[in-house]
2 protein chains.
Amino acid sequence: MKQITKYVIKNSLKRIFLYRACLVRLKLMGVEKVFSYTLANETGVTSEQVRKDFSEFSIKGNKRGGYEINDLLGKMEDIFHRNKDHNIVLIGMGNMGLALSKYSKFVQRNMNIVATFDIDPFKQKERSGIPVYSMSRLKEIIERFKVKVAILAVPEISAQEVADELMRHGIKGIVNFAPVLLKVPPDVVINNVNLCDELESVIYYVHKQLKIDGFKNLELLYRDMKY
Amino acid sequence: MKQITKYVIKNSLKRIFLYRACLVRLKLMGVEKVFSYTLANETGVTSEQVRKDFSEFSIKGNKRGGYEINDLLGKMEDIFHRNKDHNIVLIGMGNMGLALSKYSKFVQRNMNIVATFDIDPFKQKERSGIPVYSMSRLKEIIERFKVKVAILAVPEISAQEVADELMRHGIKGIVNFAPVLLKVPPDVVINNVNLCDELESVIYYVHKQLKIDGFKNLELLYRDMKY
DNA sequence: GAATTGTTGTGAAACAAATCACAAAATACG
DNA sequence: CGTATTTTGTGATTTGTTTCACAACAATTC
């Protein structure tokens, strides 16, 4: 049965990403150990929050000794299955798809776009080191590379149709850039990225901010902005 | 005072965006009135949630009569200040910047990228109908077009520096695509969009899902029945 | 090796968000 | 016109998340 799965990334997971980015930076700087308040300061959360988050993912430190950065990063690799490579397919080689196919940070994190697809024959040529295939080869490629996750960057009109096809071939997770709510069975994970909404919400908060700026209503200000 | 402002868009605001998208679609289909449960079904939330959200933004319906779509959309226009145009600048014309500069949906929602900027002289030519300037003209353009919001698509190494410059010229809100936490004073709104994290969190949940797939546990069954 | 210090880990408390339950209002219908 | 029906709007309740407070423990000092 298909339904709208409003899929929300847990805040604790988002924070774990923050901590990791911070740890990577600290490691590059030669630091070997951190305390919860170090991470807290660097990421703008409280130290209890850091420890609670770690506890949720069963990460333990040493009383008084804090956390070994290498140890922490290792645990996080496990949590995120980063020890192995992840093969991704990207559908839709429009502006956004093209940019995503060239985005080097995916590879740096072991997420490899193994192939991209587009219905437009003009776009079916290699443009960023990654082949661009016609949709007819989707099944073949997904099976060959055991792909479970796809990036969907097609026009909204065809998003549902393409998503259905992806799922027929075994895709279990989609990062969806089309501004539509995909209907999927409950075992499929959808993460919607809506660029307009991201921009518009900033505009919304800026206006709100400007409005209250005169009176310095700190309480309101701080409720809307979390650290 | 500068600090890390981890700025979180409220869920209720995100849902309002959902409702609006849905209303626009319904309107195109010729529908004139909706009930809270119509919107709820279409967006995968509960009808109480829809009404609570509306109540937060002081949107009122008619008992028994539901909501007039035109009326709702009008109210939302007000909430999001969509009656007037919003001028945006975009900094960084790499892959992502270029794609964003061509993203037509911004314009459809009255958000106009009036100019883009890059330090690279090779990129300083018009590539998508929008001029690409050198950074030296930032102040001039921001003032001329009364820009308050910027999109930051520069490499992470220069993100903070560019953000500082933007703020010096009066920018109050930033959609930041660089994977760094910007340090900003509390009156500046930052919305971080981290594409790697978005993809990686899907991978995380897909793995988790696959692990529990064998059991088909109650939680999932419950979700099946819910909608 | 006892006392002191600094940090983790986590129950308890406070706070925030979502759901429930139902009164109030608008409409329809006999 | 009065009764039944439908849907909103919201106080009460439940559920979820963050912060607080402090015991437990490891390292350090005397």
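Fair warning: this is a prediction, and the values are worked out from it, not measured in the lab. Per chain, numbering begins at 1; letters A, B, ... match sequence-line order. Basis for what follows: all heavy atoms, side chains included, without hydrogens, waters or symmetry-related copies.
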Classify the nucleic acid contact of [X] as base, sugar-phosphate or nothing, counting any heavy atom under 4.0 Å across all strands shown.
| X | value |
| --- | --- |
| B:Gly61 | sugar-phosphate |
| A:Ser12 | nothing |
| A:Gly66 | sugar-phosphate |
| B:Tyr37 | sugar-phosphate |
| A:Ser47 | nothing |

For a quick test of reading the model: is some side-chain N or O of [X] closer than 4.0 Å to OP1 or OP2 of [N]?
| X | N | result |
| --- | --- | --- |
| A:Ser55 | C:dG9 | no |
| B:Arg51 | C:dT19 | no |
| B:Thr46 | C:dT19 | yes |
| A:Lys60 | D:dC25 | no |
| A:Gln49 | D:dT19 | yes |
| A:Arg64 | D:dC25 | no |
| B:Tyr67 | D:dG9 | yes |

Provide, to the nearest angstrom, the distance between the [atom1] atom belonging to [X] and the [atom2] atom belonging to [N].
| X | N | atom1 | atom2 | value |
| --- | --- | --- | --- | --- |
| A:Glu48 | C:dT7 | CD | P | 14 Å |
| B:Lys33 | C:dT27 | NZ | P | 8 Å |
| A:Asn62 | C:dT5 | CG | P | 22 Å |
| B:Lys75 | D:dT8 | NZ | C1' | 13 Å |
| A:Phe57 | C:dT10 | CZ | P | 15 Å |
| B:Glu56 | C:dA16 | CD | C1' | 11 Å |
| B:Lys10 | C:dA17 | NZ | C1' | 10 Å |
| B:Asn11 | C:dT19 | CG | P | 11 Å |

Counting side-chain heavy atoms from C-beta on, which of C:dA26, C:dG9, C:dA12 comes nearest to A:Lys52?
->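 Of the options given, the side chain of A:Lys52 lies nearest C:dA12.
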
Salt bridge A:Glu56-A:Arg15, side-chain N to carboxylate O under 4.0 Å =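 No, A:Glu56 and A:Arg15 are not salt-bridged.
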
Which heavy-atom pair separates B:Leu72 from B:Ile59 by the least distance, and what is that distance?
->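 For B:Leu72 and B:Ile59, the tightest heavy-atom pair comes out as CD2-CG2, 3.4 Å.
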
Taking atom types as modelled, is there a side-chain donor on A:Asn87 or A:Lys146 under 3.5 Å from an acceptor on the other?
->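 A:Lys146 and A:Asn87 do not have a side-chain donor-acceptor pair below 3.5 Å.
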
No-hydrogen, no-angle side-chain donor-acceptor test under 3.5 Å, A:Asn194 and A:Glu198 |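 The criterion, which ignores hydrogens and geometry beyond distance, is not satisfied for A:Glu198 and A:Asn194.
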
Determine the interplanar angle of the A:Phe17 and A:Phe80 rings, folded into 0 to 90°, and report it as parallel if under 30°, tilted if 30 to 60°, perpendicular if over 60°.
->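 Correct class here is parallel.
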
Ring geometry between A:His81 and B:Tyr204 (parallel below 30°, tilted from 30 to 60°, perpendicular above 60°) |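 Plane angle between 30° and 60°, so tilted.
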
B:Ile59 or A:Asp53: which one's nearest nucleotide on DNA chain D is closer to the 5' end?
->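 Its nearest nucleotide lies further toward 5', so the answer is B:Ile59.
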
